[in-house]
Peer 1: 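The following block contains the structure, expressed as structure tokens.
Because the structure is a prediction, the values reported are computed rather than measured.
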Protein chains: 2
Amino acid sequence: MTGVTASDGPAASAQGAPRRRGRPPRTESAGTRDRILDAAREQFSARGYEKTSVRGIAKAAGVDSALVHHYFGTKERVFEAAVEVAFGPVLDERDSVLEGPLDEVGERMTRMIVGLWENPVTRAPLLAIVRSAVNNDAAAAVFRRLVASQLLRRVAGQLDRPDAELRAELAAAQLVGVAMIRYVIRVEPLASADPEDIVRRVAPVVQGHLTGG
Amino acid sequence: MTGVTASDGPAASAQGAPRRRGRPPRTESAGTRDRILDAAREQFSARGYEKTSVRGIAKAAGVDSALVHHYFGTKERVFEAAVEVAFGPVLDERDSVLEGPLDEVGERMTRMIVGLWENPVTRAPLLAIVRSAVNNDAAAAVFRRLVASQLLRRVAGQLDRPDAELRAELAAAQLVGVAMIRYVIRVEPLASADPEDIVRRVAPVVQGHLTGG
DNA sequence: GTCTATAAGACGATAGAC
DNA sequence: GTCTATCGTCTTATAGAC
């Protein structure tokens, strides 16, 4: 449906070239929809699900709140559409995590996650998911689908061990914990540490969870 | 070998702290204040700060919402009082984490945290803190005071290294991540794993963060 | 497609009776 | 100490004009 993984850009460009003098056609909806989604993503990531209001999203997007309901129906649908953009990069990079030497999968996985969090474009929906997953069942389901099913299960599939899934999850726990402390709660000194230093310290631990012992 | 499940009595609410902040309940209180705190703890832990209402707490406690305001003033004060019960066990066990061989501090720390989460009495306020800290600055401050300042700084003080605080925080990140996945978002198979198995797998990692490399 | 207007209610907090 | 009653503000969501 949405399929618009178009990164962050505010509606890259209107699809129909305006034929009349530079006036933007009022009947165009795709741009408005994307503006609403951008605003929603920003608000959900900054405030979490509960504290974000449809009115606030509408105001930030420069439209009326009724229009948000017109496009998405309910607040929950707005949320789902807004965080869906986080799936794209993960799914794109997922395969590159899987391919390569098994004794370096920990570093590839760590680099991918840290990279997603360091990139402001992908950080926003990740923040939205984490901020909302702890208090909202729908968001928690999104988290499970994204992290557990799509990523961890595949990583576990590459380990030839009976406890592969548990290992993958403990590795993920290390990465989730770093994200929580560094990006969500922002505790120093981890919040200001050099990303490369974090990768250097964390990657071996992730690798150890996956293939160690 | 101490079992990982904490051994505290289940009813810690009746402990009647002799020295509460500033103001002793005058003539009576009939446990009404404690009933409100119990209800608040349950609601905050189940729903997080934003989604919990003073009215909902009052209803669960069987009193009027105005009475909650009478006792605590604001919703934020109710929250602080409700999660304060989590401080006691942490401060009590903190010292036992610090004493003992340095090469076993990882296991002692892991056992303490897992034990606190396995114990229903202390799990509720911990859930309340985590569920709220991601969306509420006051709750995040509580988290920093509890985890970072009170615990991590002291652990770091025992390590004779320049990067001691960063090491302690990465160790904490592993434990926070496990708590997130197991107790908050509840992803399988970690959510149903044997606590002792978790300690066996996680403790060496925590130790490695603190003193390894 | 976008808006105004409004329904219908929950929220935190306060004043004051008893 | 506990309640009723209420203020003012916020919320989600809907109806309907243009």
Peer 1: Mapping B:Ser65 and A:His70 onto DNA chain D by nearest heavy atom, which one lands closer to the 5' end?
Peer 2: B:Ser65
Peer 1: Closest heavy-atom contact between A:Thr52 and A:Lys75?
Peer 2: O-NZ, 2.8 Å
Peer 1: Please confirm whether the shortest side-chain N or O distance from A:Thr32 to OP1 or OP2 of C:dG1 is below 4.0 Å.
Peer 2: no
Peer 1: Please report, rounded to the nearest Å, how far the P atom of C:dC18 is from the CG atom of B:Leu67.
Peer 2: 18 Å
Peer 1: Between B:Arg55 (CZ) and D:dT6 (P), how many Å, whole number?
Peer 2: 13 Å
Peer 1: Let me know the distance between CZ of A:Phe72 and P of D:dA13, rounded to the nearest Å.
Peer 2: 14 Å
Peer 1: From CD of B:Glu76 over to P of C:dC11, roughly how many Å is that when rounded to an integer?
Peer 2: 18 Å
Peer 1: To the nearest Å, how far apart are A:Lys59 NZ and C:dC3 P?
Peer 2: 14 Å
Peer 1: Donor-acceptor pair, distance only, cut-off 3.5 Å: does the side chain of B:Gln207 make one with the backbone of B:Val105?
Peer 2: yes
Peer 1: Looking only at side-chain atoms of A:Ala66, point me to the closest of C:dT4, C:dT2, C:dG12.
Peer 2: C:dT4
Peer 1: If I compare all heavy atoms of B:Ala82 with all of B:Pro125, which pair ends up nearest, and what's the gap?
Peer 2: O-CB, 4.5 Å
Peer 1: Measure the distance from NE2 on B:His69 to P on D:dT4 and round it to the nearest whole Å.
Peer 2: 16 Å
Peer 1: Indicate whether OP1 or OP2 belonging to C:dG12 is found under 4.0 Å from a side-chain N or O atom of B:Thr74.
Peer 2: no
Peer 1: Tell me whether the OP1 or OP2 atom of C:dA10 has a side-chain N or O from B:Ser53 closer than 4.0 Å.
Peer 2: no
Peer 1: Nearest heavy atom decides the nucleotide; on that basis, is A:Glu50 or B:Asp64 closer to the 5' end of DNA chain D?
Peer 2: B:Asp64
Peer 1: Taking 4.0 Å as the cut-off, does a side-chain nitrogen or oxygen of A:Tyr71 come that near to OP1 or OP2 on C:dG1?
Peer 2: no
Peer 1: B:Arg144 side chain to A:Ile185 main-chain N or O, any donor-acceptor pair under 3.5 Å?
Peer 2: yes
